[in-house]
Amino acid sequence: MTRIKICGLTREEDIRIVNSLRPDYIGFVFADFSKRYVTPERAAELKAKLDPDIKAVGVFVDENVEKVAEFLKKDIIDIAQLHGHEDEDYISKLRSLSDKPIIKVFNIKKIESFDVVEESSADYVMIDSGYGEGETYDRSGLRSIKRPFFLAGGLSPDNIEKAIEETSPYAVDVSSGVETDSVKDETKLREFISLVKRGKYYE
């Protein structure tokens, strides 16, 4: 089954909802320019209430690598998602500080070819269009990516079935597309997850 990541959780109510709906991953955003930013202390409180079968991902943008490693070592998060300009040297350094998984995000508007995606040493890669603004983009070329990838950017209950059909992603990542007035909406989340789980299987 295509895996599911719900990103940008900030409230105890969000945790209650995901514990009920059981996506594979959730995300805490640690980029302080984001409206979904949470402090390390708040993330730790929320993680303590999260079902242990759901993996917590920390979203970072050009953060100090030692600081990212601390989040992993303290079990505030299970996976680090690198959403900025982090290069192979950065990933190598983070691996020397922690053995937990890494997701490297590639902005579809900023890469010249998918070679950089294929060659990344990160455990997982993600294709996105920005920083959670919900922008859609032309997904027609994504099937040429040979390695498993997370699909993000403008996903919602209205288009998730088509997006999976077009790209066969390893996982889908949603944030603004399941919100109402910038708050996670249980009805939209339930619909989104139901559509993914009844849809196309990851190949």
Side-chain angles (χ1 to χ4, degrees), residues 1-12 14-15 18-19 22-108 110-111 114-128 130-132 145-153 169-175 202:
M1 178 69 74
T2 302
R3 282 74 166 176
I4 301 167
K5 176 171 173 274
I6 309 298
C7 201
L9 274 58
T10 60
R11 308 174 301 155
E12 291 187 15
D14 298 338
I15 299 297
V18 295
N19 282 346
R22 301 183 66 79
D24 302 277
Y25 311 90
I26 61 92
F28 298 128
V29 178
F30 298 114
D32 60 11
F33 60 81
S34 172
K35 62 185 177 183
R36 302 180 187 91
Y37 169 75
V38 291
T39 65
E41 295 76 19
R42 181 60 173 157
E45 292 172 1
L46 295 174
K47 173 71 164 3
K49 299 177 184 297
L50 182 68
D51 186 310
D53 289 335
I54 302 172
K55 298 300 182 185
V57 179
V59 180
F60 302 93
V61 180
D62 299 325
E63 183 58 81
N64 177 279
V65 68
E66 285 83 6
K67 186 173 179 180
V68 176
E70 280 299 306
F71 280 78
L72 294 164
K73 290 176 183 176
K74 292 179 179 178
D75 291 323
I76 297 172
I77 55 172
D78 305 301
I79 302 170
Q81 179 175 315
L82 308 178
H83 217 300
H85 300 88
E86 303 88 358
D87 58 14
E88 286 296 306
D89 288 341
Y90 185 105
I91 293 173
S92 177
K93 176 65 173 177
L94 183 54
R95 285 204 188 284
S96 74
L97 299 170
S98 170
D99 61 358
K100 291 188 177 178
I102 299 168
I103 302 171
K104 175 57 188 159
V105 183
F106 294 92
N107 188 323
I108 190 70
K110 296 181 179 179
I111 56 175
F114 291 129
D115 289 348
V116 65
V117 177
E118 301 283 9
E119 295 166 5
S120 173
S121 64
D123 299 275
Y124 304 99
V125 293
M126 179 183 294
I127 306 299
D128 202 349
Y131 297 108
I145 300 175
K146 297 181 177 61
R147 68 183 291 180
F149 65 93
F150 283 68
L151 176 67
Y170 167 80
V172 291
D173 184 353
V174 66
S175 187
Y202 167 66

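These numbers come from the heavy atoms of this one structure, side chains and all, not from hydrogens, waters or symmetry mates.
Using bins of under 30°, 30° to 60° and over 60° for the plane-to-plane angle, the ring pair Y124/Y170 lands in the parallel bin.
Remark: I15 CD1 to K49 NZ distance equals 9.5 Å, nearest 0.5 Å. Taking CD1 from I102 and CD1 from I79, the interatomic distance works out to 10.5 Å, rounded to the nearest 0.5 Å. From L72, atom CG reaches atom CG of L94 across 6.0 Å, with rounding to the nearest 0.5 Å. Rounded to the nearest 0.5 angstrom, E41 CD and L46 CG are separated by 11.5 Å. Between the CD1 atom in I145 and the CG atom in D115 there is a gap of 10.5 Å [rounded to 0.5 Å]. To the nearest 0.5 Å, the span separating CG on D14 from CG on N19 amounts to 11.0 Å.
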> Could you go step by step and tell me if R3 and V172 meet the side chain to side chain contact (heavy atoms under 4.5 Å, CB included) rule?
Replying inline: CA-CA 6 Å; R3 282 74 166 176; V172 291; over 6 Å; no
> Taking it one step at a time, do I6 and V174 satisfy side chain to side chain contact (heavy atoms under 4.5 Å, CB included)?
Replying inline: CA-CA 5 Å; I6 309 298; V174 66; 3.5 Å; yes
>> Apply side chain to side chain contact (heavy atoms under 4.5 Å, CB included) to residues K47 and L9 and explain how you reach the verdict.
In response: CA-CA 10 Å; K47 173 71 164 3; L9 274 58; over 6 Å; no
>> Please determine whether salt bridge (charged side-chain N to carboxylate O under 4.0 Å, His left out) holds for the pair K100 and D75, giving the CA-CA distance in whole Å, both sets of side-chain angles, and the decisive distance to 0.1 Å.
In response: CA-CA 10 Å; K100 291 188 177 178; D75 291 323; 2.3 Å; yes
>> Pair S98, V68 - check side chain to side chain contact (heavy atoms under 4.5 Å, CB included), show working.
In response: CA-CA 9 Å; S98 170; V68 176; over 6 Å; no
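Side chains of T39 and E45 form no contact here, defined as non-hydrogen atoms less than 4.5 Å apart. Residues F149 and R147 fail the side-chain proximity criterion, which asks for heavy atoms closer than 4.5 Å. Within the 4.5 Å cutoff, side-chain heavy atoms of E86 are placed close to those of D62.
Contact check on D87 versus K93 returns no salt bridge, with no Lys/Arg side-chain nitrogen under 4.0 Å from an Asp/Glu carboxylate oxygen. Salt-bridge check for K67 with E70: failed, with every basic side-chain N at 4.0 Å or more from each acidic carboxylate O. Ion pairing between a basic and an acidic side chain is recognised when a charged N comes within 4.0 Å of a carboxylate O; R22 and D53 show such pairing.
The two atoms that bring A56 and L50 nearest to each other are CB-CD2, 4.1 Å, heavy atoms only. The two residues I127 and V117 have their closest heavy-atom pair at CD1-CG2, 3.9 Å. Closest approach of P169 to T2, counting heavy atoms only: O-CG2, 3.7 Å. In terms of heavy atoms, V125 sits closest to P148 at CG2-O, 3.6 Å. Nearest heavy-atom pair, D173 versus C7, reported as atom, atom and distance to 0.1 Å: OD1-CB, 3.4 Å. When every heavy atom of R36 is checked against every heavy atom of S175, the shortest pair comes out as NE-OG, 3.0 Å.
Aromatic pair F150/Y25: ring centres closer than 6.0 Å.
When each of Y90, F28, Y37, F30 is tested with F60 by the rule ring-ring contact (aromatic ring centres under 6.0 Å, His included), just one qualifies, namely F30.
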